[in-house]
Every structure is written in C-alpha cells, then in structure tokens.
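Letters A, B, ... mirror the listed sequences (proteins, then strands); counts begin at 1.
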Amino acid sequence: METIEKWVEKRPFLKEIGLLYKEAAQIAEQALPSLSLGIAPSEWEGLICGKEPVMEHIKNALAEKAGCLLENLCSGLSETEGLPERFREGCRSITGVSGGDKSFYRGIIFAVAAGEKALNNAVPIDSEPLARFLAWNAVRACLKPYVGDIAKGCEKSGYDKPLCPVCGKEPPMAYLKKSAKGRRRYLICGCCGSRWLYKRIGCPYCGNSDQKTFTILETEQEPGIRADVCGKCGCYIKTVLEPAGPAEEEWAWLHIDILCSERGLKKRGGLLDEERL
Amino acid sequence: MKVNRRSFLKSAAGAGVGLSFGGLGFNLREAKAAAREFKLEGSREYTSICTFCACGCGMICHVKEGKLINLEGDPDHIVNEGGLCSKGASMSVIPNSGERVKTPLYRAPGSDSWQEITWEEAIERTAAALKKARDEHWTAAETENGKTYQVNRCDAASIVGGAQVHNEECYLMAKMARTLGLVYVEHQARLCHSSTVPALSGSFGRGAMTNSWNDLKNAKVILIEGSNAAENHPMSMKWIMRAKEAGACVIHVDPRFTRTSKIADIHAQIRPGTDIAFLGSVINYVLENNLYDKDFVLNHTNALLLINKDFSFSEGLFSGYDELDKKYDSSSWSYRLDGFGKPLKAASLDDPACVFSKLKAHFSRYDIKTASGITGIPEEKIRLIAETYAKNGPGTVMYALGMTQHTVGVQNIRCFGVLQLLLGYMGKPGTGINALRGEPNVQGSTDFALLFNYFPGYLSSPTHKQQTLAEWTKSYGTFRAKFFINLLKAWYGDKASASNDYLYGLLPKMNANTNYSIYRIFETASEGKMKFLYIMGQNPMVTSPNLNLVHKGLCGLETLVVADPFMTETASFWEKPGTDPKTVNTEVIFLPAASFLEKEGTLINSSRMVQWRYAGIDPVGAAKSDLEIIDLIFTKIRDMYRNEPSENAESILAAFWDYPKQDMAEAVLKEINGYDLKTGKLLTGIAAQKDDGTTSAGNWLYSGIFMNGENLCKRRNNRTDPSGLGLYPEYAWTWPGNMRILYNRASCDATGKPYDEANKLVWWDAAAGKWAGYDVPDVPAAADGPDTPNGQRPFRMSGEGLGRLFLAKYQDMEPSGAPRDTSYVTADGPMPEFYEPVESPADNALHPSVQINPCLKYPRMPSMQLIGDRREFPYVLCTSSITEHWCGGVYTRNVPWLNELVKETFIEIPVKLASKLGIKGGDSVNVRSARGEIQVKAMVTERIQTLIINGQEVTVVWMPYNWGFKGLSTAASTNLLTIDAGDPNTWIQETKACLVNVAKA
Ligand SMILES: [Zn+2]
Ligand SMILES: [Zn+2]
C-alpha cells in the first residue's frame, strides 16, 4: 500500500482517488484467500485459444467470487472517511437495495462480465455507473493473481489481437518491459487488468502501422510515461516506461489523460470516460 | 490463432459507458490545474536495420528535436529478437558524431589540403570528369580476327561500391553505369563472397544462402567452417544456441580456436587453404561407407547421368587443359545425350560412366590419412567429424570468408554442395548451405549487379561476341532472355521495343577475354589507363589486398570521387603517411553521404529477406543520400550531352530517368518490381513477366515485392508461423516470390511426399492438384505434379533441374531447338580438387607437379605482385575481422566506445613461436611479406597450435585487418601484407593464406 501513498504524495491532486484505490485494495486483500478461481497456470493457454474472450468461459466462477468482493467493497467504501460523500452515498444505496442477497451482487458481476447493457434491475438508475465501476474493480481484484499466467498464456498461444483476451475490451494503456528479447510492449486492459504481448510499433485501435504517422508525446514532469499518438485515427495510448505498482494502473495517470484530452486527442478503452471528448 | 473479432467487439463496446471519476463524485479541479502546468514534447520512433553483417537485425530509433536520443534492438524482429551486438548497439553515435563530413570537399591535384565546395560544384566536377573520361577513352568498336564488333564501352572510368547502400541505390548505380557504357563496375562482394555465387549456382541453380538465420534452429548438426560466426555474425548464435538446446551438435573447423569454437562440441584446427583436402576426405568417407541418402541422390541429383567418354582426371589436371593459356576446354566435361539433347541416365549408381562413379573415383584419393597430412587435423578427429555430420541430420553448413577468400574459393564451396547433396541435406528445414554474408546489403549489391560480369538479377553481362539479344539468348537461354527484355524495358522505357531489339545494341559489351574485376581497376590505374573512379561506401585503402598496389593505382587516377559519411583512407590516400601530396596529381572530390539512419530504402539480409529502412532524421549537415547523389550526377551528365550532342550519348539520352524527389526510394523500388505496361499496374510476381515488351522489371527476382499496392518488405508480423519452423511468411519479403527456404521441393520424395512429415515445408496436394505448403513451393509451375517433368525439377534453376554433383557443361533445349537455360560450369574443373595456396609452406601432397590451381593467372603485374618463398617467409598469415570493428572501420573506428574495446591492429602468435622468437604479449613486432611490412603489437596465444603438415612443423599467425590512418583510431593496415592472387572463376584474392616473417621490433 505504501506505493500508492508515495504516488499520491508526489501527485497530491490524486489524493482522493488514491485513497479509493488504497481502500479497495485493502478490502480485496482481506478477501483474497476466498477469491481463488482455481485456474492452473497451464490452463490459460487453452482458454485463450478460444474464439471468444476467456470471460465467456469463466463468468460463472467469476460472478461467484467477485460478487462476494463487490459486496465487501460497497459496504467497506461506504464507510471510508475522506471519499466523496456522493460516492459513499451511492455505495450505501447499492447495499440498501441488495437486501444482503448474495445473488444480487453475483447478478451485477455476471451482467458486467457478459457485456450486458443493463445491470440487475434492482440497481437504482443513479447508482448504475457506480455499481459497474465497483463490479469491474472486483473482477480485476479476482484476476490479479492470474495476470502473469494470462500474459504467458497469450504468448504461448500466439494471441496477437489488440483486444483484451479475457474481457474483450480495448486497452487504454501499455507498458514497455525490458527482457532478454528487448523492450517489448504489453497492452493493459483497463477493465479486467489483463496484460498481453503486442507488437511494439502500431496503433492498437485502427491497425495503422505506417511509422511516419505516429508521434510520441512526453512530458518532463512525468518521465515514466508517454502517449503514443496515431496520426491516422487521432487516438493515443498511454505507454508506461517503468512499470511497477500504481504506474500500471490507469487511475494513476488521470492527469495525463486530461493533458491529452486538452490536446484534442482521443482516448479509447478503459473504465473511465470523462477525458473522452 | 483465429479470433472472432465480432464477438470481441460486442464486449468491447460499452465498457465504461457513462463512467467517470467526476460522475462518481470526485473533484477533478486540482488534477486539471496540475495538468495545465505540464508541457508536452513531441518525439518519434522509427525502425531501421543494422549496417554491419548481413544478419539484418532490426533497430528502433528514438528521435527528439531531430536528434537521435536512443537506439535499441527491435523486440519484434524475427532475427535479433531485441538483441544487438556491440557494434550495432553503438550506432546512435553515427548521426551525432563530430567526425562526420558535412559539406562536399575538393582536393586539387598536388594540393595538401581539402577545400569546401558547394554541392553544385561537386556534382558539376564529378559529371565533367566522368564525361571527359568517356569522351576521351570511348571504344565504339573493336576488332578480333578481322571481324569488327560494336562495343559502346569506356574502359577508363569505373565504379566501386554498394554493399553498404540500399537496393534502390545499387539499382540506380548499375543503371547509370551501364547506360554510360562502363564495364568496370565492382564492389566489396568481389573481395568477400564472389566465389559463393558460381559455387552455389553451379551446384543448385542460385547463388544465395539457401536457408535462413531462423532455420538454423531446425538443424541437428551444424558444420561451421571458415567462419567465426560468434564474432562476425553475432545474432546467428541466437539460433545456433536454440538448435543446441534441442540437442544439436556444433562442429567448428577453423585455423584458430575462437569464440565460435567455444560453443562448438567439436573443434578442429585446420591449416588455412586446405579445406578441399578436409572436405574431400569427409565426402570420401560418406561415399566409402555408404552414408549418403540414396533416395535423395537418385531422385534429386545428377548422380545417374552419364558422362562423356572423353572426360578424365589425372595428376591434378582434368581433361582439356591448355598449359599455355592456363585454361580448360570444358567440352569433355559433358553428358552423353539422347536424340533430343537430354542427358542419358544409368540404370544404377554402379555404372562406371555415371556421375556418381566419377565422383567416387575422384574423391577416393582423399583418404583420412592423406587429408590429415595436408590439413594438420588429426585423423581421428576427421573421422569423428565425418561420422557425426553424416549420421545426425538434418545438417547445415555455415561458412564465410575463411572459405571464399582463396585461389580455390569456388571449389572450396563446391565441396559443401557435393556433401549436402550426397547427404540429402538440401531443401529441408535445418539443412542447406548458409553463406554468411558479411555486409548489410551485399546480397542486394550482388542481386543488383555492381559486379562487372552481371546485370541485375544475375543476367550475364553481354560480351562483344553477343552483339544481339538473340546471340545473348543462344548462350544463356530463353528463360533468362525474358528477364533481360524486362530489364531493358525498365531502363529504356517506351524507346525499347521488339523492332529495335529493346535497345540491347546500346549496352556496353565487355571484351570476352578481359578481366574487369576491382583488382584490375587499381592495376590499370597504376598503369595510367584508368582515369576516373567513383567509390560509394567502400574503403579499398583498408579492405583490398596488396595495399601498396591500391595506393599506386589511386595515385595514377585523374579523378577520384568518394561518397561516404566519414572521411576514409581511400579518399585521403594522398595524405597517407610517407606520401608527398605534391607528387599526387589525382583530383579528389568527397561527397558527404547520409548514414543508414538518415535515409530510407530497402536492403536484403543474408537470408534473402528484403527489409525497409525508415528515415527518422535528416542527413547530417549537407549530406545527401546516395540515391539523390546518383540522380544528380546522371541528370547532370545527361544535361551536358543534351547541350553537346555526341556519338557516345545515345544510350544516356534514351534511358528512362525521371524520379520524384519525394519518396524516390519507393518509386525506384516500384521500377525494380516492374509494371504491366498495358494497365500501368505493378507486376504481381515473376510469373507475370512477359517476353513481348508489354511488361518491365528492373530486377526480375524482386517482382512481387509489391502486392495490391502494399510494399511487402515493410511487413512486421513476427507472430504468424504456422509451421513452427521459423518461416514467418508475413514478415518482410524474401526473393524469389517470398520463398523462405530455397529448393524446398527437394524436401519431398519423387512422389511429392515430405521426407519428414513432422517438419514438412511443402507437399504435392493431389486432391487440389497443386503443390502446397507452409513455404512457397520451389517448383516451375504449382499445378505441374510429380508425374510431369516439371514435378521432378527440385533444382529448377539449373539446366538439368537437378542438384549437380558434377558441374557438367549442359544446355537444356526447348522442343523448338532453342536453348532454354544453361548450366554454370566452373573454370577450374567439374569437381573440386585440392591445390595449395599460391604462397604455401608445403608441397602439394596429392600431385607435386601441379602445386597450385592450374588455371591461376598470377602475377598480373609482376613488379607489384611478388610471391614470397617459404624459406624467407616461413609462417602462414590468416586475416579476418573482429566483433568490435567492422570491415574498413569507417563507422566503427569513429565510435569511441568500440575503440576502447579494441584499440589497434595486433598479431596473434602461438606460444611456441613467441618463445622461439623471444616475443612477449604487448611487444612490438615487425611482420613482413613479399609485398610489405608493418609494425604491430603481439598477442601471444594458445588459440593457435603449431601444426604438423606432412611431417613438418607449420606455424599459423593471425591478424585483424580493420585499421588504417584515418578515423579516431589509427593503426597499421594488415592488407599491406596480403596477396591479391585470385581464384580463376571470380578473381577473389587469397587473403586467408599468405606467407610472412615475424620478428621482434
Ligand atoms: Zn480485460
Ligand atoms: Zn490509429
């Protein structure tokens, strides 16, 4: 948890959001032993070979485990001092309508995992975005122990698509990682947190590979990240150069999204929309 | 893998619809305010390809504000997978170096300094000098035996260079040179791998490396001979190590124990220049012990074909030898033919008249004891190597200049051809002959024929005896004549038509009896006959043998033009220590060339993979790409002739030459790929070329590099490899037609069934009625099955369609009676025979009366080409390169880091000799040959052991050759010592074996 604290210490404007992720991580950590999906490292390669996102095959197990965590998140975060009142109020309202029914939470996770537009009918319309947000955070926490296995499975199976192999979403972020095979690029799913190897040069959104049309935006204040901009579709992907701790989380780079948005660049992928124009 | 993109996209939509931190109640005012304080700066990345050996490693360059700030190995590259050697990794220095020449320079005759000039003046001077040489020394016609031949040629102007520049630059240079009537057109390939092309094309039909870097991983046994791959082709080690991890055995045969020997399972120290004796004994062992692949030999080679009764071999000489001319009449090296001109076939391999029996008889003299006596390799080690190599296939061969740079260079490599055909190690994964090309685009500069004897695509240069295209076709066949017509259409455009013989008549015609190799450029210059020399990206004052002769030649020129990113020893030859500039009347024009990181275009690596280099930074100072420079020179000369019409200008004025300034490289590449002239569309491949003037192609081999408008050499798909064999069919593009492994038809038996089902490349798909596979099938026509003649031509680029154990004189005839294709015949025999190097410490143990290659003509210039005697020069000198420095050192000696790693020329002396001469490591020693003397530091080594040759002790010493008197690191040039005696097929010099004496300074 210390790393989140250090992160926001250097970037006080992220204090409130950092608190949210710190608390959520703590809640997840307490629940962790009961969250196991029971998928062996070697199984991922086979799962990824499918024609559909892996989620199709694991959504039942995931709904079970992440449902429990979602319940804990709603109740825990509603009591966290320092979070915006509106946020806490939303959490309370979800807890309220659930009536303590486990299947209520399971239903939300299932709907999110299955990519359904509407959530559980019982969720008040005003709380729906929050429920969705927390549901993805719960899913991400459940998949976190498998992130390394998923990346390996992708490499073994030759998965080379620009969409998340697990949940099928577009990645808002990437990181470059030094290895015996050079600095390779991995894409990061902003929803379920999966990572997978992807070609080093090329736009994951429109498929453009004309090198003359790409630019890289960097800023002195944040040397650990850059935005790789595609001149063809006008989108950018945040690319982390020193992947570790919060640097691999999308929320930690909110200010970079704001910066790019003000430059008129288009954001794609991820859970949070506000910097999209 | 197949992914249903729609099912993915369904879930991709609506991830975070309506979600935002703001919406969740978080206050973003502070974050927005903070972000406003940040300043965004732009930069960009581009990919390039390393500029040293022909591994063709990928690099990613990062550029900010026009400056290269980082350079790293490309992780998506199929050869280097993110790695780079010490040289490649240091290349960010090049565009930032203070040593770069930034403006054109002029050195007047007799002057002791350079003066800066404008590009306008530099181009004007270059064009004027070239025009003067042409106009004053033009040979319109020459007479032989009373008959006059039109030759349209200038023997007083020459071009050297190309292995460092792009395909498009080589192509335009070849086009310019030939339309100007030049025949002295040469480059580094002459000195490094010229012997490879005839040896491999004679054996198989094509002159290139057969397999690929990636394919090395599929081998179970790897024979590395005459190559220090670990140092000179570092990325090959990645794939060798992968083979080793899968259980492969590595054999290294070399005069020294090197970094390559370190990773080998078996190392044999061989005396330089005795490879034929060694390989001959391995071949003999395979034959004597029936270790050959009988099915392969019977079906895919010429083993059964019957040889002419008049063929013989005795006491070191094949039939047809003319002692006076030192030349063979090869007519007895032929087949017995049937009524249709096709070779007669024996019923079995036992027929004494068939190729196989001739081969067996020929090599029977190479018993292991004899070979051991000649080579110095212990008998038991030769036996171990022969056993290991023959019994553990698939086996592949890797070789480099240790094999090529000999007066028997071609026959050295021919031994590999014979061995691989016998063992069936051809056309399959993990087999073949991997000629390790040593310069980044030496395959391309060879493909594009910056060599006097070829036109682009290995079309033989016309000689005075081939006055018309029909006469040329009579020698080389209709198959290649079609490609020649396409070339002429690319060069002369609309002006070339069937009615004017496609303007073939305008081309320069070599004198068929003359050697126009690079050695002759300097020799004729030193005699005052060569007036003009243009050099791009080559540094002969360091890399050519017998440097005193090179220097004399440069002093004899009227004009020398050098285009290079850095000042070279060649351009500043008049400043060479000990030379008085006042006595040197050569004018020198230096053209600052863009480095490889500053220009775009293609180059082709040793695996025949054509890759695109992007240009991410502008040329340093006023430097220009060679492409732009060539364009400026040609258009300037054309303007001069337009203003002043002249008889010798017809070809220049007829040439199509109109290239856009923007994206010129891609426009030239399109001309190379070729067009359908009726539709204006780019040709889709070699098969789309026609022989009626309705298509054009600047190099037939490169047709198909564009597909549906896409430049295929820009492809970077490193994930698609359905065979798992490392073919990567969607990564860049290979010639011909994207084929990855040449002769892959030979990976199947006669019925078209793969010999190895688990590792199959291609196969006959009877249901579909065509050849299919993971690779592009190497067959004449995809629909011609095993039951047709075309289905039994695994080596379809040779006249016979078979692998050639014996290089018989043969022309394949069409039913019409016209020659379709002609097989290559080596000048010095249809089978390899061992001869001693010109300077040798030993007598020829096989035939004392024929000591050296009987076809060798040397000295060509007795006063400058002395031959050392073993009594005065008792030690054998072998030379080569090192990891940290490359070739002439123009790049690497301007990189401080590399200079720190290896500072200067040195000599490796075996411990035994060092102690005899009282030399310690670090001592200065004098090394002297019949041609020169230099002083260098000694390195006393255990890596070379004294050999016992035919009962006598023989000592080998070794030196790197990469230094000269320019650049940030200067030291003595080893090539002052080396000999320029050359192989009679390609004139490649014997830099791997000459004699020297060594003494403490
Ligand atoms: Zn995902
Ligand atoms: Zn794009």
Side-chain angles (χ1 to χ4, degrees), chain A residues 11-14 16-17 49 51-53 55 84-87 90 115 117 128-130 132-133 157-161 163 167-170 179-185 190-191 199-201 209 211-212 214-222 254-256 258-259 262-263 269-274, chain B residues 1-5 7-47 60 62 64 72-77 80-84 614 616 714-721:
Chain A
R11 302 163 185 84
F13 48 85
L14 291 176
E16 216 178 18
I17 293 169
C49 272
K51 290 184 174 148
E52 288 145 347
M55 201 65 102
E85 189 46 41
R86 178 149 38 113
F87 184 90
K117 287 256 161 63
E128 196 166 297
L130 177 61
R132 198 180 285 279
F133 173 77
S157 70
Y159 185 81
D160 60 356
K161 297 287 174 284
L163 301 173
C167 74
K169 305 287 187 284
E170 286 183 329
S179 75
K181 293 187 171 181
R183 272 209 306 171
R184 307 210 282 182
R185 177 162 73 157
C191 294
K199 61 187 170 195
R200 171 69 189 271
I201 293 181
S209 62
Q211 292 181 20
K212 292 180 180 175
F214 294 116
T215 45
I216 295 167
L217 296 177
E218 296 164 305
T219 166
E220 230 174 67
Q221 290 89 339
E222 289 286 15
L254 177 67
H255 48 305
I256 300 297
I258 293 171
L259 201 56
E262 286 180 351
R263 275 287 184 102
L271 204 47
L272 296 151
D273 261 3
E274 64 225 293
Chain B
M1 71 183 288
K2 281 214 159 51
V3 168
N4 183 339
R5 190 173 163 90
S7 87
F8 267 80
L9 279 180
K10 188 189 102 194
S11 45
V17 176
L19 274 180
S20 68
F21 280 124
L24 296 174
F26 291 85
N27 187 341
L28 302 179
R29 214 178 324 121
E30 275 182 57
K32 283 182 176 163
R36 244 163 249 141
E37 301 295 309
F38 287 15
K39 208 174 119 240
L40 277 179
E41 290 169 345
S43 66
R44 55 169 300 216
E45 283 179 338
Y46 67 101
T47 55
I60 296 183
H62 195 166
K64 201 167 180 176
E72 62 188 300
D74 181 349
D76 291 341
H77 199 278
N80 59 311
E81 294 186 333
L84 286 177
Y614 288 88
K714 291 180 177 173
R715 297 184 299 180
R716 294 168 46 77
N717 181 347
N718 66 333
R719 305 293 288 278
T720 304
D721 182 25

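For B:Y46 against A:Q211, the heavy-atom pair with the smallest separation is CA-OE1, 3.2 Å. Closest non-hydrogen pair, B:H62 versus A:I216, comes out as NE2-CD1, 4.0 Å. Scanning both residues, B:A31 and A:I258, for their nearest heavy atoms gives CB-CD1, 3.8 Å. The heavy-atom pair separating A:P84 from B:G25 by the smallest distance is CB-O, 3.1 Å.
Under the 4.0 Å criterion applied to side-chain N and carboxylate O atoms, A:R11 and B:E30 are not assigned as salt-bridge partners. We find that B:R36 and A:E262 are joined by a salt bridge, their nearest charged nitrogen and carboxylate oxygen being less than 4.0 Å apart.
Counting heavy-atom neighbours within 6.0 Å of A:E220 CD, excluding the residue itself, gives a total of 12 or less.
Put simply, the side chain of A:L254 reaches to within 4.5 Å of the side chain of B:L28, judged on heavy atoms.
If you measure heavy-atom distances from B:I60 to chain A, the contacts under 4.5 Å come from the side chain alone. No part of B:H77 comes within reach of chain A, as not one of its non-hydrogen atoms sits under 4.5 angstrom from that chain. Interface residue B:K64: only side-chain heavy atoms are found under 4.5 Å from chain A. Only the side chain of B:Y614 comes within contact range of chain A, judged by heavy atoms closer than 4.5 Å. Proximity to chain A (any heavy atom under 4.5 Å) is restricted, for B:E72, to the side chain, taken from C-beta onward. Neither the backbone nor the side chain of B:R29 comes within contact range of chain A, judged by heavy atoms closer than 4.5 Å.
The residue among A:L217, A:I201, A:I17 with the most heavy atom pairs within less than 4.5 Å of chain B is A:I17. The greatest number of non-hydrogen atom pairs below 4.5 Å with chain A, out of B:E81, B:E37, B:R44, B:K32, is found for B:E81. When the candidates A:Q221, A:H255, A:R86 are compared by the number of heavy-atom contacts under 4.5 Å with chain B, A:Q221 comes out ahead.
Here CZ of A:F87 is found 9.0 Å from CZ of B:F21. Values are rounded to the nearest 0.5 Å. For the atom pair B:N718 CG and A:K181 NZ, the distance stands at 9.5 Å (nearest 0.5 Å). If you take OG1 on A:T215 and CD on B:E45, they are separated by 11.0 Å, rounding to the nearest 0.5 Å. Taken from CZ in A:F214 to OG in B:S43, the straight-line distance is 13.5 Å, to the nearest 0.5 Å. Separating the CG atom in B:L40 from the CD atom in A:E218 is a distance of 9.5 Å, to the nearest 0.5 Å. The CG atom of B:D76 sits 8.5 Å away from the CZ atom of A:R184 when rounded to the nearest 0.5 Å.
Between the side chain of A:D160 and the backbone N or O of B:R719, no donor-acceptor pair lies under 3.5 Å. A donor-acceptor distance shorter than 3.5 angstrom exists from the side chain of A:T219 to the backbone of B:K39, with no hydrogens or angles considered.
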Between B:R716 and A:S209, is the side chain to side chain contact (heavy atoms under 4.5 Å, CB included) condition met? List the steps. CA-CA 9 Å; B:R716 294 168 46 77; A:S209 62; over 6 Å; no
